[in-house]
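Read through the structure below, which is laid out as C-alpha cells, and then see the notes.
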Amino acid sequence: MTDYRPPYRSAVAAGLGVLVLYILTLSPSTAMWDASEYIATAYILGIPHPPGNPLFVVLGRAWIVLLSPLGLSVAVRVNLMAAVTSAAAA
C-alpha cells in the first residue's frame, strides 16, 4: 500500500493564483444585479431579499468593519471579501 498525501501545496498555490486574479480584476464600485444590493445590505445589516442570505450579510458587515482602517470604499471591501471567499473555495 502506498502512502498517499493530498497535494496541499498545489491546492494553496492554485488558491493564491485565483486570489491574485480576483484582486487584479476587482470592481472598484457596484455592478449590475445583486452585487449592489448585497453591498448595501451588508453595510446596514439589512435583508436583501427572501431568503435573505443572512450569512453573507453578517460576514460582509464584519469584513466592512475589520477593513475600515484601510480607507477602502465599502464596495471594494465587500468585493474583496467575495474575492477572498471565492479563492478559498477554489
Side-chain angles (χ1 to χ4, degrees):
M1 179 182 245
T2 61
D3 183 32
Y4 175 74
R5 292 178 31 178
Y8 291 119
R9 287 184 185 165
S10 299
V12 169
L16 288 175
V18 169
L19 178 61
V20 167
L21 183 63
Y22 275 137
I23 289 173
L24 289 175
T25 60
L26 190 72
S27 175
S29 65
T30 62
M32 299 254 327
W33 306 110
D34 286 342
S36 303
E37 181 181 8
Y38 287 131
I39 290 169
T41 54
Y43 184 68
I44 64 168
L45 276 176
I47 305 290
H49 53 73
N53 305 314
L55 180 62
F56 183 88
V57 170
V58 170
L59 290 176
R61 180 62 186 162
W63 192 269
I64 289 169
V65 171
L66 288 173
L67 294 184
S68 62
L70 297 179
L72 301 170
S73 72
V74 172
V76 169
R77 286 183 256 171
V78 174
N79 288 336
L80 188 58
M81 182 195 77
V84 168
T85 55
S86 297

Practice item. Check whether more than 12 heavy atoms from other residues, nucleotides or ligands sit under 6.0 Å from atom CZ of Phe56, and answer yes or no. Key: yes

Review point. Leu55, Ile64: one ILVMFWY side-chain cluster at the under-4.5 Å cut-off?
Key: yes

Review point. side-chain contact (heavy atoms from CB on, under 4.5 Å) with Trp63: which of Val74, Leu80, Val78?
Key: Leu80

Revision key, fill the gap. Closest non-hydrogen contact found for Val57 with Pro48 is CG2-CD, 3.8 Å

Point to revise | Rounded distance (nearest 0.5 Å) linking atom CZ of Arg77 with atom CG of Leu70 | key: 8.0 Å

Point to revise | Short side-chain to backbone donor-acceptor contact, Arg61 and Tyr43, under 3.5 Å | key: yes

Check your understanding: If two hydrophobic side chains count as joined below 4.5 Å and joins carry through other members, does Met81 share a cluster with Leu16?
Key -> no

Check your understanding: Between Asn79 and Leu26, is there a donor-acceptor pair closer than 3.5 Å when you use the side chain of the first and the backbone of the second?
Key -> no

Exercise for review: Using the rule that two of Ile, Leu, Val, Met, Phe, Trp, Tyr join whenever any of their side-chain heavy atoms come within less than 4.5 Å, decide whether Ile23 and Leu67 are in one cluster.
Suggested key: yes

Check your understanding: Looking only at heavy atoms, which two atoms of Tyr22 and Ala87 are closest? And how far apart?
Key -> CE1-N, 4.0 Å

Point to revise | Check: Thr85 side chain, Ala82 main-chain N or O, donor-acceptor pair, under 3.5 Å | key: yes

Exercise for review: To the nearest 0.5 Å, tell me how far Ser73 OG sits from Ile39 CD1.
Suggested key: 8.0 Å

Point to revise | Leu59 side, atom CG; Leu66 side, atom CG - distance, nearest 0.5 Å | key: 10.5 Å

Exercise for review: List the atom of Pro28, the atom of Val76, and the distance in Å for their closest heavy-atom pair.
Suggested key: O-CG2, 3.4 Å

Practice item. Can you measure from OH (Tyr38) to CG (Asn53) and round to the nearest 0.5 angstrom? Key: 4.0 Å

